[in-house]
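Report on the structure given below.
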Amino acid sequence: MTRTPALLATNLVRDFGACSAVRGVSLVLAQGEVLGLLGPNGAGKTTLMRMLTGNLAPGSGSVEICGIDLRDRPLEAKAHLGYLPDVPPLYPELAVGEYLRFAAGLRRVPAAAIPAALDRVMRKCGLEGTGRRLIGALSQGYRQRLGIAQAILHEPDVIVLDEPTVGLDPAQIRTMRALIRELGTRHGVILSTHLLAEVESVCDRVQIMHRGSMVHQDTLAGLRRRGLSLEALFMQATTGGGDTEDAADEPAALS
Amino acid sequence: MIQLIARKELVSLFGSPLAWILLALVHWVLAWSFLARLDSFLHIQPQLAMIANAPGATEAIVAPVFAMAAVMLLMATPLMSARLIAGERHNRTLALLVSAPVAARDIVLGKFLGLMTFLCVMIVLATALPACLLAGGRLDLGLVLGNAAGLFLVAACFASLGLYLSCLGTRPATAAAATLGLLLILWMLDTPGESGNLGLARDLSLLAHYEHFNRGLIDSFSLAYLTLFVVVFLTLSSHRLGGEGLHDGAGRALRHGMLALLAILVAASLGYLARETRTQWDISQNGRNSLSQASVTVLENMHGPLEAVVYAAPQDAQARDVRRIVREFLARYQRAKPDFNVTFVDPAEHPDHARKAGIQAPVEMVVSFRDRHERLDQFNEPALTHLLMRLARPGERVVALLGGHGERRPDGMAGHDMGAFGSRLAARGYTVETFNLAATAGTPAGFDLLVIASPRIELREGEVDRLLAYLDAGGNLLWLVDAGPLHGLQPLAEKLELTLMPGVVADPRARDLKLPMTVALGIGYGRHPVTRDFGDTTMFPFARQVIVDENETWRSVPLVEAAHQGWVETGDADAAMAFDAAYDVPGPVNVAVALTRILQDREQRVAVVGSGHFLTNTYLGYGGNLDFGINLVNWLTEDEDLMTIQLRSVLDAGLAFDEPTLAVISATLLAILPLGLLMSGLIIGWLRGRR
């Protein structure tokens with residue numbers, strides 16, 4: 001591949017005390033690709049994403065965003081990044097509009113472009129008419145969509161979404177998936193989830209994490225071509241090792 | 001970016017009622033204490049006017065309120081600072097800031113700026129309190145400004161420490177408690193303990209530095225310390241927050257520890273430099289931290305180091321920190337004379353030193369200048385400046401008492417002698433000697449003042465001529481004249497254009513003091529350097545009336561009017577005394593006069609007192625006799641500057657409010673303003689919530 005990948009992570013490691021959460025994970029995300037990060041709860045997905053977005057320092061390994069090293073030039077690298085953490089970073093005491101304007105300012109969106117960006121993102125995320133409402137008074141679904149709105153409002157090259165559809169009703173999930181697919185045509189999107197259906201419906205490629213390591217990766221097209229079901233692959237990758245002692249702290253969270 | 005984050009902090013703060021409630025509460029407490037102080041000031045104002053060097057309104061009301069405001073800020077800041085970072089971590093919102101292209105430094109500065117803006121609102125509200133006083137009088141605006149600046153700086157210290165502790169953890173409550181605890185320790189660091197050794201603790205104490213501002217003093221070291229404090233904690237905050245995305249685990253803690261150590265070392269060395277080059281400026285308009293011009297002039301004329309050893313226990317019987325009071329008093333002198341060195345000695349620890357120095361009072365100091373020493377047990381500006389003047393005086397002043405005619409002796413211990421007064425003069429640096437006309441020839445010379453104290457043997461004509469020649473040559477003279485014959489000194493009286501009336505001044509008021517009626521009580525004093533600011537009663541036994549004849553030669557000022565309800569008894573003084581309108585002159589009676597004339601471009605000074613008894617050993621301790629005598633000698637030996645160090649009067653001495661104004665101010669401060677703040681908070685909260 002001659003084009004610079006949107007995101008390139010090499011051999012990321014992170015320990016929390018004696019417990020290692022991520023052990024040597026590498027991944028590549030191309031522009032215009034949606035990568036699904038699949039894994040049971042506790043597989044290290046959130047830790048990995050925090051490292052990818054500069055929220056957590058890796059013990060070793062490196063992250064490049066659009067070819068810029070996150071550690072050496074963090075501000076430039078982060079300018080290409082949009083991030084929705086597992087808990088949306090919302091200030092309940094702010095109004096939706098205030099919050100989005102603040103987020104746009106933080107992402108260095110030029111002041112003149114802010115109203116248009118707000119309009120666009122609120123329409124896309126179904127937040128029309130909520131601009132003056134306090135975030136603390138919003139329902140769970142709105143909060144989740146507002147979380148996505150702040151991540152995409154500056155049209156970043158890399159969008160990292162940690163469990164974006166949690167707390168949404170089925171209709172909202174459908175629109176959200178459509179939105180992610182649309183984002184995936186122009187941006188690089190990394191999406192973590194434990195929902196197989198989500199990966200199947202929106203992702204171009206899937207990587208499966210288990211106990212801090214990348215255990216399998218393939219394109220969805222490739223899977224289909226080989227006639228493999230994602231579910232079988234997932235079961236095989238995450239329970240195949242058959243360590244009974246691990247089964248207790250990693251209950252397979254399949255739906 | 002800093003502005004954006006600061007603005008968001010303010011929206012978060014003022015969007016919730018908490019900030020408004022806090023503002024209203026702090027304001028209400030301050031306003032209450034302010035009004036209480038104002039009320040008591042208005043009550044004691046008449047008494048204050050009587051006290052020399054009384055504090056002005058700003059010092060009495062505003063400075064304590066600001067000191068209290070600092071403590072309120074100390075309590076309030078941790079509540080606001082703890083949530084800045086720890087709160088964001090707790091609510092998991094920090095990811096928004098950290099994943100955005102914003103430097104940790106900008107996040108820290110933005111948060112700090114936001115909090116400081118809020119604290120500034122509190123400071124402005126606190127400053128609005130003294131502004132109310134402008135409705136009733138003047139204020140020492142310099143002192144107000146110094147206080148506001150000090151409050152701003154300590155608020156910045158509180159905020160920066162709070163912000164740093166907030167960066168360390170994820171729990172706002174823990175951060176708040178830790179901030180409050182640390183701030184309290186830093187604040188009270190200089191409260192003296194058993195040891196009384198405060199060197200470093202005092203240098204580190206926030207309160208000690210704030211107190212300079214509170215007194216209207218800009219201290220370069222305090223300024224540097226408080227600024228370094230803020231810079232260190234902002235740097236540490238920024239490093240701690242930025243390190244999170246760069247390093248993990250133990251490596252990060254180690255790096256941060258190293259930086260903290262480095263920052264503290266750099267700050268300590270800069271602080272040390274600032275301490276060594278410390279200067280202070282008194283910005284209060286009343287100049288309460290400065291010396292009067294007279295004292296400054298005295299110090300300027302003292303070339304060479306000045307040493308003071310203060311014998312004082314670390315605490316006095318009432319557990320007050322007397323050393324601190326003395327230190328602050330002497331600091332005014334040290335500001336004007338940097339080579340004024342002060343050391344403290346505990347007399348209980350070194351009783352031999354104290355005995356050798358002749359220490360008697362519980363707090364006393366020995367001041368040394370060029371191998372001359374003087375003791376002092378009063379710590380006020382006139383006393384110390386007088387002492388310094390005596391130390392600085394180039395030559396000894398010589399006071400000569402005429403002898404050889406049965407005069408009162410300056411070394412005699414008999415009741416009619418003046419030994420006590422003589423030794424008092426000696427203690428003030430005068431050389432007192434007896435001058436015998438028979439032992440010398442020509443015009444008397446070799447002394448600064450000649451005293452003629454009640455001769456009892458006739459002076460020969462030649463002797464009188466020599467005394468007259470002394471006067472003609474411009475010599476200064478103190479003549480104490482008893483009732484009765486002049487023993488040949490009539491020509492002297494003529495020379496001075498005086499009429500010395502026969503008869504003894506009788507004063508029935510003396511009986512109230514269980515004294516014979518022949519003691520005349522001096523109550524009214526003339527406007528003269530000798531009697532300036534003189535309030536004591538003086539007592540003149542067997543006094544005679546002194547009348548100045550109209551003349552062109554001498555400028556005269558009557559010094560003492562005695563016997564306001566008495567008279568000059570022309571009858572037999574030993575018999576029953578009663579006012580006889582036909583013969584007696586009614587009081588008040590002038591018994592002392594000061595005369596001056598210009599002779600060869602210098603002022604010749606003469607004083608005549610119609611009583612030789614008032615300075616004798618028997619009567620010296622009566623009323624203000626001693627002080628009057630000393631003042632007389634000081635003036636006559638041309639040391640009038642010594643007499644009163646004119647203390648500056650304060651410009652904000654008086655406040656006058658009529659009842660309605662006072663009621664409006666109280667209502668505004670206690671009800672309208674706090675309620676307004678509360679209502680604003682509630683209304684804003686309600687408006688934001690309902691849309």
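So you know, we letter chains A, B, ... as the sequences are listed, proteins then strands, and number each from 1.
Judged by distance alone, with hydrogens and angles left aside, the side-chain atoms of R688(B) form no donor-acceptor pair with the main-chain N or O of L134(A) at under 3.5 Å. Between the side chain of K78(A) and the backbone N or O of V102(B), no donor-acceptor pair lies under 3.5 Å.
Shown here is R181(A), whose CZ atom has more than 12 heavy atoms of other residues, nucleotides or ligands within 6.0 Å. Open room surrounds CZ on R255(B); 12 or fewer heavy atoms of other groups in view lie less than 6.0 Å from it. More than 12 heavy atoms of other residues, nucleotides or ligands shown are found within 6.0 angstrom of CD on Q140(A). Other residues, nucleotides and ligands contribute at most 12 non-hydrogen atoms within 6.0 Å of the CZ atom of R105(B). More than 12 heavy atoms of other residues, nucleotides or ligands sit less than 6.0 Å from atom NE2 of H256(B).
The greatest number of non-hydrogen atom pairs below 4.5 Å with chain B, out of L90(A), V87(A), T53(A), is found for V87(A). The residue among V160(A), L81(A), L94(A) with the most heavy atom pairs within less than 4.5 Å of chain B is L94(A). Ranked by heavy-atom pairs under 4.5 Å with chain A, the first of G685(B), A103(B), S16(B), S99(B) is S99(B).
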**OP:** With side chain to side chain contact (heavy atoms under 4.5 Å, CB included) as the test, would you mind laying out the steps for F102(A) and L97(B) before giving the verdict?
**Re:** CA-CA 10 Å; F102(A) 174 58; L97(B) 295 173; 3.9 Å; yes
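S12(B) and E93(A) are linked by a side-chain donor-acceptor pair at a separation below 3.5 angstrom, with hydrogens and angles left out of the test.
The CZ atom of R92(B) lies 10.5 Å from the CG atom of N55(A); values are rounded to the nearest 0.5 Å. To the nearest 0.5 Å, atoms CG (L106(A)) and NZ (K8(B)) are separated by 9.5 Å. Distance OH/Y91(A) to CG/L96(B): 5.0 Å, rounded to 0.5 Å.
Heavy atoms of A137(A) lying under 4.5 Å from chain B are absent altogether. Neither the backbone nor the side chain of F16(A) comes within contact range of chain B; no heavy atoms are under 4.5 Å apart. Neither the backbone nor the side chain of P74(A) has a heavy atom closer than 4.5 Å to any heavy atom of chain B.
For E33(A), the side-chain hydrogen bond (donor to acceptor under 3.5 Å, both in side chains) partners are R205(A), not counting sequence neighbours.
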